[in-house]
Amino acid sequence: MELVRSHRATSIPALPNSLAIDANRTLLPGLHSRLAAISLSANAAICLAGNFVHRTWDAAVPASGCRVLRVPHPSNGWWTRTTRQAYKDDLAELRTRFDHLVP
């Protein structure tokens, strides 16, 4: 599972071996059923942090009407060191939506 969690693959089939692919796919039915039980408003935002979450979400969740913010994992300062513009844009929106919650 550590390989599945820490690998930078952007999709499940891109994982390095069949054991990792099968392990990641094993998580999908449970995740899908838990997410299906959640009702989201049209203006909801889902924040996906890190490659593991990005690829697992893409495989488990059909397109939804809510805004999906894809950001790097916050470990090791990735939120302040990222150079990908898409991440920067989503981080800016994340800050806009949630800054009022920080004391």
- Is it the case that one hydrophobic cluster holds both V71 and F98, taking links as side-chain heavy atoms less than 4.5 Å apart, direct or via other members? yes

- Task: Is it possible for you to say whether L94 and V68 belong to one hydrophobic cluster, with membership spreading through side-chain heavy-atom contacts below 4.5 Å?
- Result: no

- Task: Determine whether H7 and N51 make a side-chain contact, defined as any pair of heavy atoms from C-beta on separated by less than 4.5 Å.
- Result: no

- Query: Is there a side-chain contact between P72 and L91 (heavy atoms, below 4.5 Å)?
  - Reply: yes

- Got a sec, which residues hit salt bridge (charged side-chain N to carboxylate O under 4.0 Å, His left out) with R84, two or more places apart in sequence or on another chain? none

- Message: To the closest 0.5 Å, what do you measure between CD1 (I46) and CD1 (I38)?
- Response: 7.0 Å

- Task: First locate atom CZ of F52, then atom CD1 of I12, and finally report the distance between them rounded to the nearest 0.5 Å.
- Result: 8.5 Å

- Query: Does CZ belonging to R81 count more than 12 external heavy atoms closer than 6.0 Å?
  - Reply: yes

- Message: S75: which residues meet the side chain to side chain contact (heavy atoms under 4.5 Å, CB included) condition with it, sequence neighbours left out?
- Response: H73, W78

- Is a donor on one side and an acceptor on the other found under 3.5 Å between the side chain of R97 and the backbone of E93? no

- N/O donor-acceptor pair under 3.5 Å between H54 side chain and L48 backbone: yes

- Item | Where C66 and S41 come nearest, the two heavy atoms and their spacing | CB-O, 4.4 Å

Considering only distance and modelled atom types, tabulate donor-acceptor pairs under 3.5 Å from the side chains of residues 13-25, sequence neighbours left out.
residue : atom : partner : partner atom : Å
N17     : OD1  : L19     : N            : 3.2
N17     : OD1  : A20     : N            : 2.8
N24     : OD1  : R55     : NE           : 2.8
N24     : ND2  : T56     : OG1          : 3.1

- Please test L27 against M1 for side chain to side chain contact (heavy atoms under 4.5 Å, CB included), starting from the C-alpha separation and ending with a verdict. CA-CA 11 Å; L27 302 172; M1 287 308 293; 3.7 Å; yes

